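The shown structure was predicted, so the numbers you read here are calculated from the model rather than taken from an experiment. The sequence lines fix the lettering, A, B, ..., with proteins before strands; numbering per chain opens at 1.
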2 protein chains.
Amino acid sequence: MTAARFESIMELPLFAEMTEESFDILTRGAFVQNFPPNMVMISEGEPADFLHIVQSGCVELFSTWSNRETSVTTLYENSTFILAATMKDRMNLMSARTLQKSRIIMIPSENVREVFATDTEFALAIVDELSRCYRATIRNMKNLKLRTSIERLANYILKQHHRQGDVLAYQLPIEKRILASYLGMTPENLSRAFNNLKPYGVSVDGQTITITDLDTLVVFAKPDVLID
Amino acid sequence: MTAARFESIMELPLFAEMTEESFDILTRGAFVQNFPPNMVMISEGEPADFLHIVQSGCVELFSTWSNRETSVTTLYENSTFILAATMKDRMNLMSARTLQKSRIIMIPSENVREVFATDTEFALAIVDELSRCYRATIRNMKNLKLRTSIERLANYILKQHHRQGDVLAYQLPIEKRILASYLGMTPENLSRAFNNLKPYGVSVDGQTITITDLDTLVVFAKPDVLID
DNA sequence: CGGGCTGCTTGACATTTATCAAGCAGTTCT
DNA sequence: AGAACTGCTTGATAAATGTCAAGCAGCCCG
């Protein structure tokens, strides 16, 4: 019998097709944990003992080196993380920190590997999710290497526009300093980049982004399905 | 019965544990193709019809956007590529070009997906390989975002030193313009970066790199197992 | 064998981005 | 309610990196 507290994730693509028995084995020993904002819940270099799923809230994956830090990605409701490290039973390459009060489901990595070996539908879903995450990272790296910082911002603005239902005014989902880090620039430079995009149809008021001339912005940004 | 021309890959980790019957199904309709140097064999945006394996030679994965190009990685003997696109039956996010005369094994993607569903050992090996590639890309992106270009070069020099058996003098495996692109800089800047590393124990003569003071170079580069 | 081409290096200069500082607005805590 | 703190913006300057040009060495092709 499935614990009620995991019911919310049964319909996620990762779990939707597996047998009920597999789901029971998977969640045996799993638990839900609440974290306050700005808490580091995982540190790079640590072993990956759990697969994590964001039930609610917002989590930032980041890394540091030689007193420098970069934001790798931001995860929202229904996202999984630490999948590759879980499957390879290796240490985390990234740390994770809550940006908001968050509720996280933690599933023991050995359960994930056990069910992977026995439930073909789960195996297919795992490979699908791994491939999707890997491809997203390739797109991200192409974005970083092929585009200047203002181009990355322009394309981010367009991508959020689509993500939020093609509205012309929307709220940034994260603080600007986190966005700057994610896009590979300093907060000062992000501020200047937003200003430099004004002639291309972008207006900013705090967390509110308004696209005042979509066609001009698209011409400048040159979005590409192989990157964005 | 296994075609003799595929015997060379039977012992690769991806295939070593599967049943002989699975291997036969996998390689049904597969073929080996010879490519001359500098030939683009795959273009980004095309469907991923085959899983590719480098039997011999050298292949560069690269991407372009808005008349700009970047080198993503370089593959040598016994490397696979186009695995994530194969498993998700999606278009390629990268192009591939031979750097040398190369011999490539091409396995139909649908065979890969079919055997994945039926052979548990192969499924485990696929997930292992996907996780390894994904984690390598995360390390690469951390390298790009957290380090300056001269730091990336210093760490590359150290990594090649280890890859070539801890010798203090070795040959660069690729042309310097490809290396520059891979490290995210122009060939002019790579040349200057090599020169700027001289005080830190690096000497260059054409393709030959000599580490004249390993300790000094290590102190400068600050290698990190979570990146390199 | 010679001309043409390619890869690489170096110099000069331009552009992009980072760093540092200061100020402002909003939030949080006492 | 006020002080302290944080996020953000702007200005000035520094550093990193790109661009353009020229020259050289080695390789390839006719």
Inset, instruction - Determine: side-chain N/O of Gln207(A) to OP1/OP2 of dC8(D), distance under 4.0 Å, yes or no. - result: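 Looking at the OP1 and OP2 atoms of dC8(D), one of them is under 4.0 Å from a side-chain N or O of Gln207(A).
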Inset, instruction - Look at Asn195(A) and dT10(D) and indicate whether a side-chain polar atom (N or O) is within less than 4.0 Å of OP1 or OP2. - result: yes
Inset, instruction - Supply the atom-to-atom distance His52(A) NE2 to Ile107(A) CD1, rounded to the nearest 0.5 angstrom. - result: 10.0 Å
Inset, instruction - On the 0 to 90° scale, with breaks at 30° and 60°, tag the Tyr134(A)-Tyr134(B) ring pair as parallel, tilted or perpendicular. - result: tilted
Inset, instruction - Please determine if Lys142(B) forms a cation-pi arrangement with Phe62(A), meaning its NZ or CZ atom is less than 6.0 Å from the six-membered ring centre and no more than 45° off the ring axis. - result: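 Because its charged atom misses either the 6.0 Å distance or the 45° angle limit, Lys142(B) does not stack over Phe62(A).
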Inset, instruction - With Arg103(A) as the cation and Phe35(A) as the aromatic partner, state whether NZ or CZ is under 6.0 Å from the six-membered ring centre and within 45° of the axis. - result: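 Ring-cation test returns no.
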Rounded to the nearest Å, what distance is computed from the [atom1] atom of residue [X] to the [atom2] atom of nucleotide [N]?
X	N	atom1	atom2	answer
Lys145(A)	dG18(D)	NZ	C1'	16 Å
Asp205(B)	dT9(C)	CG	P	10 Å
Leu172(A)	dC8(D)	CG	C1'	13 Å
Leu179(B)	dC8(C)	CG	P	9 Å
Glu175(B)	dT9(C)	CD	C1'	15 Å
Glu151(B)	dA18(C)	CD	C1'	14 Å
Leu190(A)	dA18(C)	CG	P	11 Å
Leu144(A)	dT16(C)	CG	C1'	15 Å

Legend entry - Check: Ser95(A) and Asn92(A) side chains under 4.5 Å, non-hydrogen atoms: no
Legend entry - Base dT19(D) paired with Arg192(B) side chain (donor-acceptor, <3.5 Å): yes
Legend entry - Heavy-atom donor-acceptor pair, Glu188(B) side-chain to dC20(D) base, under 3.5 Å: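 Per atom types, the contact qualifies.
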Inset, instruction - Please report the closest heavy-atom contact between Leu93(B) and Arg135(A), naming both atoms and the distance. - result: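 Nearest heavy atoms, Leu93(B) then Arg135(A): CD1-O, 3.5 Å.
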Legend entry - Chi angles and distances behind the salt bridge (Lys or Arg N to Asp or Glu O under 4.0 Å) call for Arg139(A), Asp228(A): CA-CA 7 Å; Arg139(A) 288 172 198 269; Asp228(A) 306 298; over 6 Å; no
Produce the list of close N/O pairs, under 3.5 Å, pairing protein atoms with atoms of nucleotides 15-17 of chain D; give distances to one decimal.
residue, atom, partner, partner atom, Å
dT17(D), OP1, Ser149(B), N, 2.9
dT17(D), OP1, Ser149(B), OG, 3.1
dT17(D), OP2, Ser149(B), OG, 2.6
dT17(D), O5', Ser149(B), OG, 3.4

